[in-house]
Number of protein chains: 2
Amino acid sequence: MKPAKRPTVHDIAAAAGVSRGTVSRVLNGGYVSAEARAAIETAMSDLGYVPNNAARALKMRRSQAVAFVALEPHSLFLDDPNIGAIMLGANAALSLADHQMVSLVVESARDTERVARYLSGGFVDGAIVVSARTKDPIIKVISDLSLPAAFVGHPPELDQHIPFVGIDNVGSARAITEHLRSTGRRRIGMIAAALDRDSGIDRLTGFRSALGDLFDEDLVADVPHYDYGSGVKGMRDLLEREPAIDGVFAASDAIAAGALEVLREAGRSVPGDVAVAGFDDSTWAVRTQPQLTTVHQPAKEIGSCAAQVVLRQLRGEPTDAGGQLLPTPLVLRDSA
Amino acid sequence: MKPAKRPTVHDIAAAAGVSRGTVSRVLNGGYVSAEARAAIETAMSDLGYVPNNAARALKMRRSQAVAFVALEPHSLFLDDPNIGAIMLGANAALSLADHQMVSLVVESARDTERVARYLSGGFVDGAIVVSARTKDPIIKVISDLSLPAAFVGHPPELDQHIPFVGIDNVGSARAITEHLRSTGRRRIGMIAAALDRDSGIDRLTGFRSALGDLFDEDLVADVPHYDYGSGVKGMRDLLEREPAIDGVFAASDAIAAGALEVLREAGRSVPGDVAVAGFDDSTWAVRTQPQLTTVHQPAKEIGSCAAQVVLRQLRGEPTDAGGQLLPTPLVLRDSA
DNA sequence: TACGGATGTGTGAACGTGCACACGTTAGGA
DNA sequence: TCCTAACGTGTGCACGTTCACACATCCGTA
């Protein structure tokens with residue numbers, strides 16, 4: 001027993017007493033008489049017709065869909081509060097252009113292969129890739145297919161012709177560190193995270209350049225992730241190495257939140273004894289006590305900007321291969 | 001200038017000196033001689049051939065893809081820490097069965113229509129739907145298409161034949177409330193959230209039934225969302241209404257975290273003066289001080305279970321239309 | 001020798017679309 | 001009157017694949 005075979009253009013044409021071509025025209029625009037149009041439309045709603053996108057995609061070489069590829073989703077979905085906002089921003093922009101966003105999750109090598117097949121299978125016209133490492137095999141697939149794409153937050157060094165969207169991590173880190181200095185702090189430390197990624201390295205670079213001669217390698221705690229637990233660990237480390245520390249730049253808001261907890265336990269007031277600055281302006285920033293001074297990451301804008309980049313390529317307009325950095329205003333709250 | 005037209009089976013066949021049928025056979029299994037197979041395989045790698053899924057889906061009426069439909073993603077992605085884990089669980093299960101998960105985000109009415117087109121367009125074989133309201137138009141689309149589907153966390157009342165996967169909110173809430181009673185608490189309140197959803201209502205129902213005669217309507221604070229801010233607001237409310245309160249069941253861990261903050265400001269010790277219990281066993285639960293006693297939501301299992309349900313339907317096996325509730329063990333930590 | 005099965009290969013017909021083209025009709029201007 | 005243009009409609013083909021079928025070859029056995 002078949003599951004109620006779906007009607008096709010043929011069925012509609014037969015029911016309305018016209019030919020398939022005419023049905024196609026009322027769907028895609030063209031010259032159709034009013035009566036034919038009416039007959040076809042009633043036939044369509046009677047039979048519950050929906051066009052078969054698979055056939056359309058095959059014929060048109062266009063699926064009206066763009067992939068949102070999330071690599072390393074474990075860390076992303078569970079730790080990074082930005083990924084959701086980026087997705088929402090991308091979805092909104094694609095939606096406006098009548099495109100469907102389909103997000104693909106890559107967890108394992110097995111996934112990589114399957115997603116590669118999916119991307120090359122004609123189901124999507126383009127791709128937005130989040131958090132790729134430079135050597136990720138997905139990059140090669142995309143570049144081999146010359147699939148219109150945009151990378152988020154991470155310039156793909158190898159393939160200069162794939163544009164990316166991100167923020168100026170170096171500049172933002174420098175700016176907020178300078179803010180810490182401007183409040184009179186002298187012994188400023190940093191909890192640096194994810195030094196295996198560009199974002200992590202760049203934030204440390206910015207911190208170092210803002211301090212200049214004041215920079216002291218001993219005041220940098222190196223933690224693996226951007227999460228709360230790493231913040232706890234990093235702050236304990238810093239306090240032990242330099243009890244007189246009076247300023248901390250945390251590489252993320254979650255880290256800053258962990259640092260605040262440690263400082264509270266140690267009896268240091270914030271910002272009285274120690275000024276603390278975060279990064280991201282995520283939901284963490286307003287949940288802590290005191291609320292965090294931090295760097296605003298325009299997550300939604302990043303998403304929508306990446307979508308625009310892909311859409312432009314789809315329209316055949318050339319894009320600035322170099323990529324695009326979005327502004328990251330400082331958000332001054334109570335912690336620094 | 002075309003973007004380097006992709007090779008098709010025809011091209012491979014021509015390059016290898018065989019017919020399309022033989023190429024198809026090495027792809028899908030069948031009798032092929034060793035030499036033909038070798039010739040075809042070198043031709044494939046030389047030309048960089050990848051099968052066109054759109055054409056395959058058209059012919060086979062199978063796309064090997066399942067949709068993960070996220071409705072109301074604003075609240076979901078930003079507040080609910082479970083959605084990510086559910087996605088990951090579903091993805092893992094689908095991946096094992098060699099299916100692709102594509103997740104679709106529905107934000108607006110415009111999205112609804114587009115996603116409906118997508119679902120009915122033959123790009124997916126089934127759907128997992130998260131957090132649908134009973135009257136959501138997507139439900140109608142799915143049921144009209146008789147698309148194999150599974151609902152997460154919310155039994156769709158109207159269409160009894162669509163199976164769902166969830167947890168026993170009533171029973172879990174009762175169990176954790178009974179735990180609060182067993183520690184000798186007498187004035188137990190609840191911060192109830194999202195009373196416009198089944199999950200919210202059920203948690204309140206379980207709380208009430210566990211208390212029996214002890215239940216006091218005044219000790220229920222009603223807040224809109226499952227988030228931290230709501231917890232702050234709800235706890236302030238409760239403290240004002242009943243200063244002698246000695247136990248609180250929060251409808252989520254985020255709410256419990258907010259409640260802890262208020263209790264700390266009010267100078268109450270936890271669990272000394274007031275016992276606090278949460279719900280979800282999310283990352284919140286171990287970030288708070290003290291760590292939360294809570295109800296474990298098996299988010300990953302929920303995701304993989306929903307995927308299994310869809311896969312079973314795809315294989316033509318009948319499913320228990322009733323749905324499926326997963327166990328939710330109590331996690332005893334320090335807060336109660 | 002002839003036959004049947006196993007193995008290997010090629011051919012044509014779909015799947016459901018959109019588009020180019022051909023065809024008809026009508027109206028208007030030269 | 002004829003040519004052109006705009007409108008309206010039907011038909012064939014292509015998209016890239018899989019599948020059913022036909023055909024060819026080889027081997028073992030009756």
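Since the model is a prediction, treat every value here as computed from it, not as a measurement.
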Minimum side-chain heavy-atom gap [X]-[Y] below 4.5 Å:
{"X": "A:Asp111", "Y": "A:Ser108", "answer": "yes"}
{"X": "A:Val69", "Y": "A:Ile128", "answer": "no"}
{"X": "A:Gln308", "Y": "A:Val165", "answer": "no"}

Among residues two or more places apart or on two chains, list those pairs meeting side-chain hydrogen bond (donor to acceptor under 3.5 Å, both in side chains) that have a residue in [range].
{"range": "residues 23-35 of chain B", "answer": "B:Ser24-B:Asn28"}
{"range": "residues 120-130 of chain A", "answer": "A:Ser63-A:Asp125"}
{"range": "residues 47-58 of chain B", "answer": "none"}

Could you state the atom-to-atom distance from [atom1] of [X] to [atom2] of [N] in whole Å?
{"X": "B:Gln64", "N": "D:dT17", "atom1": "CD", "atom2": "P", "result": "16 Å"}
{"X": "B:Arg25", "N": "C:dG10", "atom1": "CZ", "atom2": "P", "result": "8 Å"}
{"X": "B:Arg37", "N": "C:dT7", "atom1": "CZ", "atom2": "P", "result": "14 Å"}
{"X": "A:Arg62", "N": "D:dC15", "atom1": "CZ", "atom2": "P", "result": "18 Å"}
{"X": "A:His10", "N": "C:dG16", "atom1": "NE2", "atom2": "P", "result": "9 Å"}
{"X": "B:Met60", "N": "D:dT18", "atom1": "CE", "atom2": "P", "result": "7 Å"}
{"X": "B:Asp11", "N": "D:dG16", "atom1": "CG", "atom2": "P", "result": "8 Å"}

Apply the test side-chain contact (heavy atoms from CB on, under 4.5 Å) to residues B:Val124 and B:Val66: give CA-CA distance (whole Å), side-chain angles for both, the deciding distance (0.1 Å), then the verdict. CA-CA 5 Å; B:Val124 293; B:Val66 172; 5.9 Å; no

Can you name the atoms? Protein N/O to nucleotides 6-8 of chain D N/O, anything below 3.5 Å, with the distance.
from	atom 1	to	atom 2	distance (Å)
D:dC7	OP2	A:Tyr31	OH	2.9

Residue-level proximity of residues 16-24 of chain B to DNA chain D when a heavy atom falls under 4.0 Å: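 Result for residues 16-24 of chain B: B:Arg20, B:Ser24, sorted by number.
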
Residues in contact with DNA chain D, drawn from residues 44-58 of chain A - heavy-atom cutoff 4.0 Å: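 Here the set is A:Leu58.
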
The criterion is salt bridge (Lys or Arg N to Asp or Glu O under 4.0 Å); which residues satisfy it with B:Arg110, sequence neighbours excluded?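 If we apply the salt bridge (Lys or Arg N to Asp or Glu O under 4.0 Å) test to B:Arg110, skipping adjacent residues, the hits are A:Asp98.
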
Is the shortest side-chain N/O distance from A:Arg61 to OP1 or OP2 of C:dG18 below 4.0 Å?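 No, A:Arg61 has no side-chain N/O under 4.0 Å of OP1/OP2 on C:dG18.
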
Partner residues of B:Ala299 under the side chain to side chain contact (heavy atoms under 4.5 Å, CB included) criterion, sequence neighbours left out: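 B:Ala299: side chain to side chain contact (heavy atoms under 4.5 Å, CB included) contacts with B:Asn82, B:Ala85, B:Ile86.
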
I'd like a table of donor-acceptor pairs (distance under 3.5 Å, sequence neighbours excluded) in which one partner is a side-chain atom from residues 39-48 of chain A, with atom names and distances.
from	atom 1	to	atom 2	distance (Å)
A:Thr42	OG1	A:Ala38	O	3.3
A:Thr42	OG1	A:Ala39	O	2.8
A:Ser45	OG	A:Thr42	O	3.2

Partners of A:Arg20 by side chain to side chain donor-acceptor pair (under 3.5 Å), sequence neighbours excluded?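 Residues passing side chain to side chain donor-acceptor pair (under 3.5 Å) with A:Arg20: none at all.
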
Bend angle of the helix from C:dT1-D:dA30 to C:dA30-D:dT1, from helix axes over five pairs at each end, nearest 10°: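 Terminal axis comparison yields 60°.
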
Within the side chain of B:Asn91, is there an N or O that forms a donor-acceptor pair under 3.5 Å with the backbone of B:Leu88?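 Not confirmed, B:Asn91 side chain does not pair with B:Leu88 backbone.
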
Using the test ring pair (Phe, Tyr, Trp, His ring centres under 6.0 Å), find all partners of B:Phe123 that sit at least two apart in sequence or belong to another chain.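 So B:Phe123 forms a ring pair (Phe, Tyr, Trp, His ring centres under 6.0 Å) with A:Phe123, B:Tyr118.
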
